A.B. asks: 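Provided herewith is a single structure, encoded as structure tokens, for subsequent inquiry.
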4 protein chains.
Amino acid sequence: MAVAEPEEPKRSEGTTRRRAVRADAIRNREAIIEAASEVLAAQGTAVDVREIAGRSGVGMGTLYRHFPKKEDLIRTVLRRDFSKWADSARQAAIEARDPWAALTDFYQQALTGYARHSAIMENFALTWSAPDVAGIQQLRLVIEELRARATDVLRPGVTTDDLLLLLVSLGHAVQVTDECRPHMWNRLLHICLSGLRADHRELLPAEAAPDTNSWTRLLPGS
Amino acid sequence: MAVAEPEEPKRSEGTTRRRAVRADAIRNREAIIEAASEVLAAQGTAVDVREIAGRSGVGMGTLYRHFPKKEDLIRTVLRRDFSKWADSARQAAIEARDPWAALTDFYQQALTGYARHSAIMENFALTWSAPDVAGIQQLRLVIEELRARATDVLRPGVTTDDLLLLLVSLGHAVQVTDECRPHMWNRLLHICLSGLRADHRELLPAEAAPDTNSWTRLLPGS
Amino acid sequence: MAVAEPEEPKRSEGTTRRRAVRADAIRNREAIIEAASEVLAAQGTAVDVREIAGRSGVGMGTLYRHFPKKEDLIRTVLRRDFSKWADSARQAAIEARDPWAALTDFYQQALTGYARHSAIMENFALTWSAPDVAGIQQLRLVIEELRARATDVLRPGVTTDDLLLLLVSLGHAVQVTDECRPHMWNRLLHICLSGLRADHRELLPAEAAPDTNSWTRLLPGS
Amino acid sequence: MAVAEPEEPKRSEGTTRRRAVRADAIRNREAIIEAASEVLAAQGTAVDVREIAGRSGVGMGTLYRHFPKKEDLIRTVLRRDFSKWADSARQAAIEARDPWAALTDFYQQALTGYARHSAIMENFALTWSAPDVAGIQQLRLVIEELRARATDVLRPGVTTDDLLLLLVSLGHAVQVTDECRPHMWNRLLHICLSGLRADHRELLPAEAAPDTNSWTRLLPGS
DNA sequence: CATGAATGAGAATTCATTCAT
DNA sequence: AATGAATGAATTCTCATTCAT
């Protein structure tokens, strides 16, 4: 399920002497990514590269050999972690007993596991402006799948992007309340999911024009 | 003591005879705050102080005379901008025709105006961990007021903190989609507000225990 | 007794309209000097000029009108304080009952009063390299007087400069021990004065050649 | 005889196989310390760090890699230079032919070599208020040793602290006269040492109470 | 290839001095 | 003439990236 990683060093194929990629090089690469993942999760992308090099037990030179720019390393890690995230959340959805439960379990899992990953959340924000940056696409595919399955129980007009943006928003809520009110986001999730159910039949506004007056239709009495 | 009174912007009001604050000093201070507000809105709090000094047309020394620490300037600007934000959103709420409209208009306004302000959003996230940082309190009061007014039309159990966290989350959504899908957040807002209405009577989970199984009760058919 | 201060602003004498120096200008000048003296005594010459302006209740502009350079102000203050110092120490000497007592009382007084004045001590060090900087000359004159009076009881060969350098050294000792061992310098003073008495008849080394072997003559047994 | 310097980077000797410290790194470290020592000796601790970096031929980053704070560098240099100082002065004492000569040679050497070192003298002044700052303790030990050896020829009641303070004072005298009267301090040294000899039997004043009248007893005739 | 030392362009802050009010 | 605001060069320290060993 993990996405192909194009950066993976490959054997050179044009030379007579085709030496396999050295085992320790691969090990180093893994160690760097693992350490970077931890550090990025804890501190976000503003970390000092030394911190990562130190934790992974390699020198700066090695790190920069594998990832010529800090940016490259971050992208690689994020791609990996987004994949893991998508996988774990999807797994939760698969095990659910019905489409609605799949959706709710998906959010539950997604927000419980990786939403504390600072760098993930930091970059999840870039979903829309630079969607190819990381493995976000996978997450989107999972959501697309869930949405398709749950069409009947979902409020009409809800799009995959809506669900994705909801995940982004709630992920932020998780980050924000993590230290002081660690379960507060759960209430928000309930509220939002309620609003997603099929018993709400009001049209969602088109993206193009923010129709201010549409609110009147939301009046409870109406 | 035949001192000719010069043009005085402000006299001190106490007994201490203090010189009126110089007009150009006030102007500079305003210019600094204004420039800082723009820059902070655009780039967040990680800006270079020189950028602000440059934009406001003053030297570094002047900036540091008014705000001895970068932090001081940021706090001042944030306080001001949070206030403006709260005021504008509250104004929208006041003009609304009923409690529900007040709530929806509040969110609408709040998310339209200042949610693009990077530094505001950056610090809004600190609401929970360091709530006294800025004029966030004002915003909270406005929300508290709205909640009280709207009790009848609000889903039972919804707290002011829920509404505040919702604002934080949606504010983030606005930021995230601002460049590419500028009105997308509006759909999310509709969804969330739907979930807030009184016709949802399921209990919201207590913060203490994330009750995973409570989701079953959300099944549309149930 | 106070030394003439050439910087003192004087009436202009070439114009028809000879306006007296404004009273408040004089008052300001005094206030600045007084404040500067306090601050310089407490913190040495590294103080911020603002501190002085603030304490004297005048603006920076006024301060700089009277003393175009920080250096100028310091020089003025030092000249004044060196004078005061010389006066007070000389007074102690005058009241003494004999030449030796005059000398000891002089040191006692000199080290008790002004030796805590940071800037004085800081600049006392410049006595030799730039002797005209401040009112040190007066102090030197007092010492010269004392030395002349005490010739009979003084070890032969002791010069005024020796006595002055001794004062510099002990002044430093006072500064150094002021906080933790406030009277320790007194013991050192006793020791040094003992060495100055006429019963020591060994020749002091000429300045030109540091005669290392001269020490043998100091052996107590000899 | 040279004291061990624990800061010196060494090859690890334990089981952890650590890379030997790179030769050029050591060279740089030495160069920095050496340059810093020169600059600190000449200008005191108020130097610009860039001056040191420039002189040692390394970039700012390198300097800060070795010494994360300016303070750290200064401390290291001072420790080294105090040690050197103590060693050289003690060496002179060891070679002396008797206890009194040891004392005099010690002072002679101590004042000849390092007393021109601005930063050393600057920090030597802190002996009393913050005695642990640097390797001052070593110097104190040497003096303690000398005092013990010379008890018979020393005026009764003279303490190690007295001798230390004398060194501080004379060190200052050296600094003060270094440029214009480079050997003048030598005369002062003679005077002070005379006052230290056993043939002076007057009691030194206790630190607690400065007994002004004790001076009468010092009258040469008495 | 791995290592970690070196680099140097910033970034925040201070302070003597000047200048508009 | 007085005021205190404005100036900006100087200073300490950081960190992504390069390079010698």
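Side chains are part of it too, since the values below use all heavy atoms of this structure and drop only hydrogens, waters and symmetry mates. Note that the structure is predicted; figures quoted are calculated from it, not measured. Labels below follow one simple rule: chain letters A, B, ... track the order of the sequence lines, proteins then strands, and each chain is numbered from 1.
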A.B. asks: Mind calculating the distance between CD1 (C:Ile32) and P (F:dA2) to the nearest angstrom?
C.D. replies: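 These atoms are roughly 9 Å apart.
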
A.B. asks: Provide, to the nearest angstrom, the distance between the CD atom belonging to B:Gln43 and the P atom belonging to E:dA11.
C.D. replies: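 So the two atoms are 11 Å apart, to the nearest Å.
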
A.B. asks: With a 4.5 Å limit on heavy-atom distance, are the side chains of D:Glu34 and D:Ser56 in contact?
C.D. replies: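 Not touching, per the 4.5 Å side-chain cut-off.
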
A.B. asks: Map C:Gly57 and D:Arg27 onto DNA chain F by nearest heavy atom, then report which one ends up closer to the 5' terminus.
C.D. replies: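 This one resolves to C:Gly57.
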
A.B. asks: Quick one: is F:dT11 close enough that its OP1 or OP2 comes under 4.0 Å of any side-chain N or O from D:Arg50?
C.D. replies: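 Yes, because at least one side-chain N or O of D:Arg50 sits under 4.0 Å from OP1 or OP2 of F:dT11.
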
A.B. asks: Rounded to the Å, how far apart are C:Ile52 CD1 and E:dT17 P?
C.D. replies: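 One finds 12 Å between P of E:dT17 and CD1 of C:Ile52, rounded.
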
A.B. asks: Is it true that C:Asn28 and C:Thr62 share a donor-acceptor pair across their side chains at a distance under 3.5 Å?
C.D. replies: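 Looking only at side-chain atoms, C:Asn28 and C:Thr62 do not form any donor-acceptor pair under 3.5 Å.
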
A.B. asks: Just N and O in the side chain of A:Arg65: are any of them under 4.0 Å from OP1 or OP2 of E:dC1?
C.D. replies: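 No.
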
A.B. asks: Quick one: which of F:dT14, E:dT18, F:dT3 gets closest to the side chain of C:Thr62?
C.D. replies: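 So the nucleotide nearest the side chain must be F:dT3.
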
A.B. asks: What is the separation between atom NE2 on A:His66 and atom P on E:dC1, rounded to the nearest whole Å?
C.D. replies: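 Interatomic distance, NE2 of A:His66 to P of E:dC1: 9 Å.
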
A.B. asks: Given F:dT3, E:dT14, F:dT14, which nucleotide is nearest the side-chain atoms of D:Lys69?
C.D. replies: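 Nearest listed nucleotide: F:dT14.
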
A.B. asks: Determine which nucleotide pairs with F:dT11, using a 3.5 Å limit on both distances of a Watson-Crick or G-U wobble pair.
C.D. replies: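 E:dA12 is the nucleotide pairing with F:dT11.
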
A.B. asks: So if I take every side-chain heavy atom of D:Met60 and compare against E:dA12, F:dC13, F:dG4, which nucleotide ends up nearest?
C.D. replies: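 Given the options E:dA12, F:dC13, F:dG4, the side chain of D:Met60 is closest to F:dC13.
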
A.B. asks: Please figure out whether C:Gly61 or C:Thr45 has its closest DNA chain E nucleotide nearer the 5' end.
C.D. replies: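 Nearest-nucleotide comparison on DNA chain E picks C:Thr45.
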
A.B. asks: Given atom CG of B:Leu63 and atom P of E:dC15, what is their separation to the nearest angstrom?
C.D. replies: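 To the nearest whole Å, that distance equals 17 Å.
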
A.B. asks: Among E:dT18, F:dA16, E:dT13, which is the nearest nucleotide to the side chain of C:Tyr64?
C.D. replies: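 Between E:dT18, F:dA16, E:dT13, the one nearest the side chain of C:Tyr64 would be E:dT18.
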
A.B. asks: Using a cut-off of strictly less than 4.0 Å, decide whether C:Asn28 has a side-chain nitrogen or oxygen near OP1 or OP2 of F:dA1.
C.D. replies: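 C:Asn28 to F:dA1 OP1/OP2: no side-chain N or O under 4.0 Å.
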
A.B. asks: State, yes or no, whether a side-chain contact exists between C:Phe67 and C:Arg29 at a heavy-atom distance under 4.5 Å.
C.D. replies: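 Answer yes - side chains close enough.
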
A.B. asks: Please report, rounded to the nearest Å, how far the C1' atom of F:dA16 is from the CD atom of A:Glu51.
C.D. replies: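 Checked: the CD to C1' distance equals 15 Å.
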
A.B. asks: I'd like to check B:Thr45 versus B:Asn123 (side-chain heavy atoms, cut-off strictly below 4.5 Å). Are they in contact?
C.D. replies: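 Yes. Closest side-chain heavy atoms under 4.5 Å.
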
A.B. asks: Can you check whether D:Gln43 reaches D:Glu51 side chain to side chain, under 4.5 Å on heavy atoms?
C.D. replies: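 Sidechains of D:Glu51 and D:Gln43: in contact.
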
A.B. asks: Could you tell me the Watson-Crick or G-U partner of F:dA1, where both distances fall under 3.5 Å? Say none if there is no partner.
C.D. replies: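 Partner of F:dA1: none.
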
A.B. asks: Distance check needed: E:dA16 P versus C:Asp72 CG, whole Å only.
C.D. replies: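 Nearest whole value for this atom pair: 14 Å.
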
A.B. asks: With a 4.5 Å heavy-atom cut-off, do D:Asp72 and D:Arg75 have their side chains touching?
C.D. replies: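 Yes; the side chains approach each other to less than 4.5 Å.
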
A.B. asks: Specify the residue among B:Gly59 and D:Val47 whose closest nucleotide of DNA chain F lies further upstream toward the 5′ end.
C.D. replies: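 Between the two, 5'-proximity favours B:Gly59.
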
A.B. asks: For C:Asp24 and F:dA2, what is the distance between atoms CG and C1' respectively, to the nearest whole Å?
C.D. replies: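 Answer to the nearest Å: 9 Å.
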
A.B. asks: Quick check for you: among F:dG4, F:dT12, E:dT13, whose closest atom lies nearest to any side-chain atom of D:Lys70?
C.D. replies: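 Among the listed nucleotides, the one closest to the side chain of D:Lys70 is F:dT12.
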
A.B. asks: If you only use heavy atoms from C-beta on, which nucleotide in F:dC15, E:dT17, F:dT14 is closest to the side chain of A:Asp48?
C.D. replies: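 That would be F:dC15.
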
